[in-house]
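Report on one structure; see the data block that follows.
When a ligand or atom number is given, it counts from 1 through the structure's own listing order. We number each residue from 1, following the sequence as shown.
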Amino acid sequence: MADEPAEVTEETAEASGAHIAVHWKEEEYYQPPAKFVAQANASDPAILEQFTEDKFPECFEAYADLLTWDKKWDTVLDTSNAPFWKWFVGGELNASYNCVDRHLADKANKAALIWVPEPEDEVHQAITYRELYVRVNEFAAVLKSLGLKAGDRITFHMPMVPELPVAMLAAARLGVIHSQVFGGFSGAAAGHRIADSGSNVLVTMDGYYRSGELVDHKIKADEAVETAAKEGQQVDKVLVFRRYPGQYSSATPMVEGRDVFVDDLLKDHKREIVEPARLKSTDSLFLMYTSGTTGRPKGCQHSIGGYLSYVAGTSKYYQDIHPDDTYWCMADIGWITGHSYIVYGPLALGTTSVMYEGTPNYPDAARPWRIAEQLGVNIFHTSPTAIRMLRKVSPDGPKDFNVHFKHMTTVGEPIEPEVWRWYYHNVGKDDAAIVDTWWQTETGGFLGSTLPAIHPMKPGSCGPGALGILPAIFDEDGNEVPKGSGKAGNIVIRNPWPGVFQTIWGQPERFVQTYYAKYNKNDKSTDWHDWPYFAGDGATQAEDGYFRILGRVDDVINVAGHRLGTKELESAALTVTEVGEAAAVPVIDDIRGRVVEMYISLKPGIEPSQEIENKVRDAIVTDIGKIARPKNIWIVPDMPKTRSGKIMRRVIAATSNFADTGDITTLANPEVVEKIRQQVQSAKVARDDVPRKLSETELAEIKNFGSE
Ligand code: WTA
């Protein structure tokens, strides 16, 4: 039955700290279709030889050569300030020029972007490269007139509308570092990021469509500005794009002197051309915030030359994008996937990139197939969460549609082999090459993937390291775990690559500490071999060299492919005055991968109530956004704690997942564990909310949660 939950893979594991011994049922290989191989950008296995370790770092010049440089680089990789790697040093270029201007010679009238509004009765917008050029220049002129210049930061809090890539490319044209905050994040979340990045201009939109509703988005700008002000950052201007020019789709008043409609500003800059700034390869293109183990999000700072080279190269070889393809990535541009593989990679290659405003299952589950059929999409890119959801609500996939994908991607979370097979058979009609791309906000582009025409696919595994990427699995002491050993460990990348982020904005020590300190033995070394990149994911490597990613090893919960830090969730809950302690844990979910459950204990003398529960839920939605809304909030008499007072997250995680709580005899208050178990599990049984039987790796994840 198609709507059955994903079958649990057959595997067993013994959990022992961070290394789990995993004995998978080895999955079978799927060969790429011959038709695909015949047309692929990388079809000759000789390409693998061009990227072997002995050719590093020069091998990556092949990616840089895909771009147009104002000045060629002198040094491919400068390691002198390790681990702050510098790529293509001495080179000069402009990302906006590379994604727009240079295509005017031969693709001026080809669609760069096709925007699909959520309401089906609204017409699509096809924006040619020529039109994109005009819009980018005019908006760059607006930004310039506000005094913005190279190196300044600007925050966007934009939904999925074409004005977003236009704004990004306009900022890039001037060298202004953009920071797009996911539109679904709350105003406060945008405000924290505005303050952290030191932006004094916010670009937003009055409203946008989501699940049939015209959402008031401008209201979040007011909250954002207020939050930023509390953190000492003044926002001088809020630029408001209008979903329907000439009318205002928000009930929130415009603030005199601060808020301006972009269409009004544009009137003064019609036909203006702004020369693309000549920028250093090592200057920064954008910040993308992500969650970590503290409450403060990390602004991952990406370079122009290295990043753009890397996303162009990987878009060409891994997404197999040819200029004539119609490529649709369903991600949101508010995440790294959208930056790299909706905007910068595809546009650098001069292809047609589709953007969709709304939810994939609006107004019904066949919407993605109607869009793909109507636009002739032949490359399709989405997440396991979307695939699980479509599998449930549209089990036949595009069977009755004239849809043929040559290539499909899955990204952002581990995909269960059963779900992968549904994607292959029912969406790909047994005739598409699939890549399961493993990577991160920090890494700019793909790190682990099969090359679609060269490597066979294996459900549930991302594949080997991408071209020029040297991954390995290390145990806690930095010893390499041999492939085929069946042991899991921490996946690292032994070498730098052009797409790697430059630093965490304003937190260089945290950058070194989080990503490099763990396996570095000599912090004075300028030899890259001494600085393996610690990705924060657990993984295993099979005999064939393919990696299987198991998930995060830190306190980050990956909900529907989005990283949520437990500390961020907990500090939001702690803003509710009645709350004494808070702990967030992951619960396995058949659609969203993981969901969050929140445990709360109250200050002395305060009685539990529905009202407090609502306050906690509201606090999280207000501080982070709806995506962080916990599935359940449990107000418990006390938290299970160690004698030193540390909350045992693994014990409550086990309770929520109906797993064994393990040894609790060392707790300061072991008696509370049984009380909590009865309270939580009986409520979950009553709500018909009992998770399916967990696989051994899932059990190991729960058992180790928060142990570091
Ligand atoms: C997880 C998204 C398994 C992983 C591009 C990583 C994956 C985190 C995969 C980064 C995959 C990403 N298979 N897990 N193919 N891709 N992940 O920063 O835990 O939003 O560390 O970047 O998602 O999430 P981020």
Next on the checklist: Please report whether the ring centroid of Tyr63 lies less than 6.0 Å from that of Phe51.
Outcome noted: yes
Checklist entry - Between Asp555, Ile549, Val556, which is the residue that forms a side chain to side chain contact (heavy atoms under 4.5 Å, CB included) with Arg552? => result Val556
Checklist entry - Honestly, is Lys518 close enough over Phe534, meaning NZ or CZ under 6.0 Å from the six-membered ring centre and within 45° of the axis? => result yes
Checklist entry - Any salt bridge (Lys or Arg N to Asp or Glu O under 4.0 Å) pairs touching residues 450-468, not counting sequence neighbours? => result Glu26-Lys458, Lys458-Asp544
Checklist entry - Got the residues with a heavy atom under 4.0 Å of ligand 1, by chain and number? => result Ile336, Thr337, Val411, Gly412, Glu413, Pro414, Asp436, Thr437, Trp438, Trp439, Gln440, Thr441, Asp537, Ile549, Arg552, Asn558, Gly561, Arg563
Item to check | Arg548 side chain vs Thr540 backbone, donor-acceptor pair below 3.5 Å | outcome: no
Next on the checklist: So Met457 and Trp420, do their side chains get closer than 4.5 Å, heavy atoms only?
Outcome noted: yes
